[in-house]
Trainee: 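One structure coming up, written as structure tokens, with questions to follow.
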Amino acid sequence: MTESALPRIAKWPFLVGDLTLLAAAGFAVKQTAVPFDFRLIALCVAAVAIGAILGVVPFLAEYRAAVKLAESQNLVSTVAQIQNLESVGQQIATTGAKLHSVIDEANKAVTASDEIGRRMTDEARNFAEFMQKANDAEKAHLRLEADKLRRAESDWLQIVVRLLDYGFLLHQNLRRTGQPALIDEVTRFQNASRDVARRVGLIPFIATTGETFDSKKHQLMEGAPAAADGALIADTVAAGYTYQGQLIRPAVVVLTQSTSTVSPAEAVTTPADQQALL
């Protein structure tokens with residue numbers, strides 16, 4: 001309630017009574033001769049005091065009513081605040097319950113994520129073990145295939161080298177017959193065979209007559225004495241071979257100072273490494 005809504009006290013009766021008492025006191029003083037009687041003075045004072053009280057009473061009553069109204073309004077505001085506090089408390093309680101529910105759901109999610117992580121770890125480990133086994137099996141298979149290829153490569157290299165050795169031996173023997181036409185035919189056949197071998201990386205080579213003996217690319221026939229420093233090559237008994245840049249067999253040669261009576265045809269089959277080829 002506002003101040004304008006307060007019940008108004010009629011002030012005019014109090015004011016009329018106050019004026020009446022003051023007028024009566026003044027009239028009594030005016031009509032009485034001096035010196036004044038003590039009773040008259042007391043009566044006048046009482047009339048003035050009562051009139052003053054009557055003039056003040058309505059204002060005091062309004063003040064008290066305003067004070068009570070302010071107190072009631074404060075009480076209403078306090079009650080409203082208490083109710084708001086209760087509402088806030090209920091909201092906090094509701095929020096706390098929801099928070100507990102959210103925490104429970106979060107704990108469940110964490111537990112589920114841990115389980116998923118553990119499963120993923122197990123799956124990754126199993127997959128890594130499977131890939132390792134598959135890799136080992138593939139490596140073993142590739143190693144086996146590589147061994148097969150190396151054996152096959154060694155086999156066909158031996159076959160090609162043997163064919164080229166026979167061609168070289170045939171050419172060397174025909175050179176001693178003195179038949180130019182036949183020598184030319186065999187020479188062309190030998191050159192064609194060597195060209196085919198070069199296409200796969202197999203390159204034959206022979207030592208030049210008068211060339212210095214080199215133990216890295218030349219070898220002597222079996223049973224021949226060791227070559228001295230600076231020994232010169234007299235002839236090539238069997239061609240040497242390189243395969244893809246790697247030496248696979250030195251050229252078999254005879255030296256100028258060698259007294260061996262082994263013929264070139266026999267020299268190809270005499271060394272131990274030539275027996276495997278021929």
Side-chain angles (χ1 to χ4, degrees), residues 139-278:
K139 286 181 179 179
H141 177 71
L142 291 176
R143 192 178 299 110
L144 179 60
E145 292 297 326
D147 292 340
K148 290 181 179 179
L149 289 176
R150 280 194 292 269
R151 287 195 297 269
E153 183 183 52
S154 177
D155 292 341
W156 71 259
L157 274 176
Q158 291 180 11
I159 293 172
V160 174
V161 168
R162 186 176 297 178
L163 292 175
L164 293 177
D165 282 340
Y166 279 123
F168 180 79
L169 178 61
L170 178 61
H171 182 267
Q172 292 291 87
N173 291 334
L174 287 177
R175 272 197 333 183
R176 297 179 178 87
T177 62
Q179 298 180 16
L182 188 56
I183 292 174
D184 291 340
E185 289 295 331
V186 174
T187 300
R188 284 194 294 269
F189 172 76
Q190 185 182 27
N191 292 335
S193 300
R194 289 180 174 180
D195 289 338
V196 173
R198 287 190 183 94
R199 294 178 183 178
V200 295
L202 181 63
I203 301 175
F205 66 92
I206 61 175
T208 305
T209 301
E211 182 181 355
T212 302
F213 179 82
D214 186 356
S215 60
K216 294 181 180 179
K217 60 181 181 177
H218 304 139
Q219 67 177 359
L220 299 176
M221 295 183 299
E222 186 178 359
D229 294 338
L232 301 179
I233 296 173
D235 195 6
T236 300
V237 177
Y241 296 94
T242 60
Y243 178 65
Q244 296 181 354
Q246 299 295 326
L247 180 67
I248 62 174
R249 194 183 77 185
V252 181
V253 298
V254 292
L255 304 178
T256 55
Q257 68 271 25
S258 175
T259 58
S260 176
T261 58
V262 180
S263 65
E266 297 172 339
V268 177
T269 58
T270 300
D273 58 348
Q274 300 300 319
Q275 291 178 1
L277 294 175
L278 300 178

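Because only heavy atoms are used, hydrogens play no part in the values below, and waters and symmetry mates are left out as well, while side chains stay in.
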Trainee: Roughly how far, to the nearest 0.5 Å, is the CD1 atom of Ile203 from the CG atom of Leu247?
Mentor: 11.5 Å

Trainee: Check whether any side-chain heavy atom of Phe168 sits under 4.5 Å from a side-chain heavy atom of Arg194, and report yes or no.
Mentor: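 Phe168 reaches Arg194 side chain to side chain.
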
Trainee: Would you check, one step at a time, whether the test side chain to side chain contact (heavy atoms under 4.5 Å, CB included) holds for Asp235 with Val253?
Mentor: CA-CA 6 Å; Asp235 195 6; Val253 298; over 6 Å; no

Trainee: Using modelled atom types and a 3.5 Å cut-off, is there a donor and acceptor pairing between side-chain atoms of Thr209 and backbone atoms of Ala234?
Mentor: yes

Trainee: Would you call the rings of His218 and Phe213 parallel, tilted or perpendicular, where under 30° means parallel and over 60° means perpendicular?
Mentor: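 If you compare the ring of His218 with that of Phe213, the planes turn out tilted.
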
Trainee: Looking at every non-hydrogen atom in both residues, tell me the closest pair between Leu164 and Ala197 and how far apart they are.
Mentor: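 That would be CD1-CB, 3.9 Å.
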
Trainee: Do the side chains of Leu220 and Val252 get nearer than 4.5 Å, heavy atoms only?
Mentor: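 No, side chains not in contact.
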
Trainee: When you check the gap from the basic side-chain N to the acidic O, do Glu211 and Lys217 get nearer than 4.0 Å?
Mentor: yes

Trainee: If you measure from the Lys or Arg side-chain nitrogens to the Asp or Glu carboxylate oxygens, is any gap between Glu153 and Arg150 under 4.0 Å?
Mentor: no

Trainee: Looking only at heavy atoms, which two atoms of Arg249 and Ala239 are closest? And how far apart?
Mentor: NH2-O, 2.5 Å

Trainee: Charged N to carboxylate O under 4.0 angstrom, Lys148 versus Asp155?
Mentor: no

Trainee: Between atom CD of Gln158 and atom CG of Asp165, what is the distance when rounded to the nearest 0.5 Å?
Mentor: 11.5 Å

Trainee: Could you measure the distance from the CG atom of Leu232 to the OG1 atom of Thr208? Nearest 0.5 Å is fine.
Mentor: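 So the CG of Leu232 and the OG1 of Thr208 are separated by 12.0 Å.
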
Trainee: Nearest 0.5 Å please: distance from the NE2 atom of His171 over to the CG atom of Leu182.
Mentor: 10.0 Å

Trainee: What are the two closest heavy atoms between Ala207 and Ile233, and how far apart are they?
Mentor: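 Minimum heavy-atom contact is CB-CD1, 3.6 Å.
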
Trainee: Identify the heavy atoms of Phe205 and Tyr241 that sit nearest to each other, and give their distance.
Mentor: CE2-N, 3.4 Å

Trainee: Taking atom CG of Leu202 and atom OG of Ser193, what is their separation to the nearest 0.5 Å?
Mentor: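 Result: 11.5 Å between the selected atoms.
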
